[in-house]
Amino acid sequence: MSENPSNRTVPSMESLVTLCKRRGFIFQSSEIYGGYAGFFDYGPLGSELKRNVKDAWWKALVHERDDVLGLDSSIIMHPQIWKASGHVDGFADPMVDCKESKKRYRADQLFFARVRVDGETIGYVSVEEADDMQAQADEKASEMKRKLGRQGNLDPVVLQEYTEALPEEYALIPSPATGKPGSLMAPRQFNLMFETKVGPLADASSVAYLRPETAQGIFQNYRNVVDTGRVKIPFGIAQIGKAFRNEITPRNFIFRSREFEQMELEYFIDPDDETWPKVYRYWIDWCKNWLVSIGIPADMVGEDVHPAEKLSHYSKGTTDLTFKFPFGTQELWGIACRGNFDLTQHQEHSGKSMEFFDEARKEKYIPHVVEPSLGVDRTILAILTAAYTEDEVPNDKGSPEKRTFLRFAPQIAPYKAAVFPLLKNKPELVETARTLYEQLRRRWNIGWDVSGAIGRRYRRQDEIGTPYGITVDFDTIEKDQAVTIRDRDTTEQVRIPLDQVESWLAERIG
Ligand code: GAP
């Protein structure tokens, strides 16, 4: 069941990627060596944005609540952890190779259909997962019928995942890369964990993994937190950190990369059957509200409830909060009820008890858990998508000019405001502006820009999402000891006394 987000128009991926590069938000990693697929670097503005997003999540969960504690565990952990969690045996995606083009596909993102004319199969078509894949397949099927000169009616083209193909069909399904059958291989399981070696001996016993999720760092520390944190059920442990997955097809910019960050919460609850559904709903709503609090419009967020038959054996329910990305509506945040699977596995594999003595109930049990798990980078892509806006505003000469701006919520904007002396060659203007800038930057990250016409400077700040532009002009020093503050979204300007600028901003940006 999937609730469809709004009909809001979203920017193209290209305009986001170009803006990110041009203004120093996000770069392809190792660019001077031709780039490295699936890895990205956050530039001066991107690193501020990312830090603000992580701080907002940490503040809302760890600082502003009594029942959640923070954690920062190591990236490389005892390899047994990944055995216990099931990742060594099961954290794999089915992969398909095309012998001819050497392209590699994820089998669950590759679709095929039998092309039938009046019930008779005349061939196969294949497409990669995309919003318009049905249209692509229909077109390919019509083309096939035309080329083969077949009369009769084309049956509906029914797409299926490549994982559902029969072994005898592998040789008949064309590769999307070549359009010809015979080059696609049978799907193989491909484990997504990055392996490394720990210690001086490079033998099998030294194999370790870069964590593919931060969650297991929480489970393996659960006992430590219970023993030191004076907690009572329900309580949560939150962690932000890097995770690594050797994705077969990293794509869509920072949406699916090989190195990314997660913000994960494990919320431990009692095992009663009535408890988890309420807690599950509570966290779904909490997550949606948090997204709204950082400026993501509620109507761009949907709920995708996983059907019971697709859940893992231990899972009681999973809902993805989806977001309307430029390439389609996709998972942003997963909220999963994992029962007591993880703690039970760690109890079995480590031999250490994971039981909790519940004072209120006077009973011992292994707590169950609800896990909201969110990618930092996906959140940033959602924020950029939602914030990207184009409109027309008058330029310095009063004629309309196209502008691009990022409508960031002040809480997460890299700069909260920018200060400009009207002219850079008038020391008295620069001095007053500099004094104000230095006052404000003690409290917030503030931009400073002295070059170019004032309209240009506003436009530069608009494009990086700075909510307010503050100009010191001749009236400031000669007449009223006040400055002009311009609002990024409305472009409206107000005159505020110099000594009230800080409190004026504080009211608006916190
Ligand atoms: N502990 C549960 C877990 O890791 P997941 O659905 O595999 O669940 C959770 O990942 C979230 O992490 C996703 O909803 C997404 O936001 C983010 N994520 C997962 N794989 C990612 C990737 N390759 N690149 C960027 N973000 C990713």
Side-chain angles (χ1 to χ4, degrees), residues 26 29 36-40 42 50 53-54 57 71 73 75 77 81-82 84-87 90-93 106 108-109 190-194 209-220 222 236-267 283-284 287-288 290-291 294 296 301-306 310-312 314-315 317-323 325 327 329-339 341-343 345-346 369-385:
I26 301 166
S29 171
Y36 204 43
F39 297 91
F40 293 91
Y42 286 75
K50 197 181 200 191
V53 169
K54 292 193 284 185
W57 186 87
L71 181 79
S73 71
I75 286 174
M77 297 178 252
I81 287 177
W82 306 109
S85 67
H87 285 79
F91 192 58
D93 277 339
R106 241 173 77 173
D108 55 354
Q109 292 173 350
F190 174 77
N191 195 301
L192 301 183
M193 283 200 294
F194 280 106
Y209 305 95
L210 302 193
R211 67 180 177 201
E213 60 169 24
T214 63
Q216 296 305 322
I218 299 182
F219 292 121
Q220 60 108 343
Y222 150 85
I237 306 178
Q239 163 151 254
I240 301 178
K242 290 265 184 179
F244 304 82
R245 296 183 190 177
N246 196 4
E247 297 283 358
I248 299 166
T249 51
R251 59 178 176 179
N252 292 328
F253 195 32
I254 52 172
F255 177 81
R256 180 176 295 113
S257 48
R258 290 178 166 141
E259 174 175 340
F260 55 100
E261 264 182 285
Q262 289 185 315
M263 305 190 275
E264 299 202 288
L265 168 70
E266 301 300 332
Y267 196 75
W283 282 110
I284 295 171
C287 294
K288 277 185 164 174
W290 184 78
L291 290 174
I294 58 157
I296 293 184
V301 178
E303 273 183 38
D304 182 13
V305 182
H306 292 205
K310 289 222 164 156
L311 296 176
S312 0
Y314 51 82
S315 176
T318 295
T319 295
D320 290 339
L321 292 188
T322 58
F323 179 80
F325 289 101
F327 42 85
T329 296
Q330 297 270 347
E331 171 186 345
L332 171 59
W333 202 334
I335 299 118
C337 299
R338 301 180 58 86
F341 173 77
D342 302 271
L343 288 183
Q345 286 292 106
H346 288 304
V369 78
V370 176
E371 176 196 73
S373 172
L374 173 64
V376 176
D377 313 79
R378 262 186 213 184
T379 308
I380 286 177
L381 187 56
I383 289 170
L384 287 165
T385 307

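Side chains included, hydrogens not; waters and symmetry mates left out as well; all remaining heavy atoms used. Just so you know, ligand 1 is whichever comes first in the structure, and atom 1 is the first atom listed for that ligand. Numbers for residues simply follow the sequence, beginning at 1.
- When hydrogens are left out, the protein atom nearest atom 15 (C) of ligand 1 is R378 NH1, 3.5 Å; that is the closest non-hydrogen contact.
- By the 4.0 Å N-to-carboxylate-O rule, E266 lies too far from R338 to be salt-bridged with it.
- Ligand 1 has a nitrogen or oxygen under 3.5 angstrom from a nitrogen or oxygen of L332.
- For atom 14 (O) of ligand 1, the closest non-hydrogen atom of the protein is E331 OE2, 2.5 Å.
- Nearest protein heavy-atom contact of atom 2 (C) of ligand 1 is E371 OE1, 3.1 Å.
- The single protein non-hydrogen atom nearest to atom 24 (N) of ligand 1 is S257 N, 3.0 Å, given as residue, atom name and distance.
- Of the protein's non-hydrogen atoms, the one nearest atom 8 (O) of ligand 1 is S373 OG, 3.9 Å.
- Not one N or O of F260 is nearer than 3.5 Å to an N or O of ligand 1, by distance alone.
- Using bins of under 30°, 30° to 60° and over 60° for the plane-to-plane angle, the ring pair F39/F194 lands in the tilted bin.
- For F323 and F325, the gap between ring centers is short of 6.0 Å.
- Comparing Q330, R256, R245 against atom 20 (N) of ligand 1, the shortest heavy-atom distance belongs to R245.
- Nearest non-hydrogen protein atom to atom 10 (O) of ligand 1 is Q262 NE2, 3.4 Å.
- Atom 25 (C) of ligand 1 has its closest protein heavy atom at F255 O, 3.1 Å.
- Expressed to the nearest 0.5 Å, how far OG1 of T322 lies from CD of E303 amounts to 8.5 Å.
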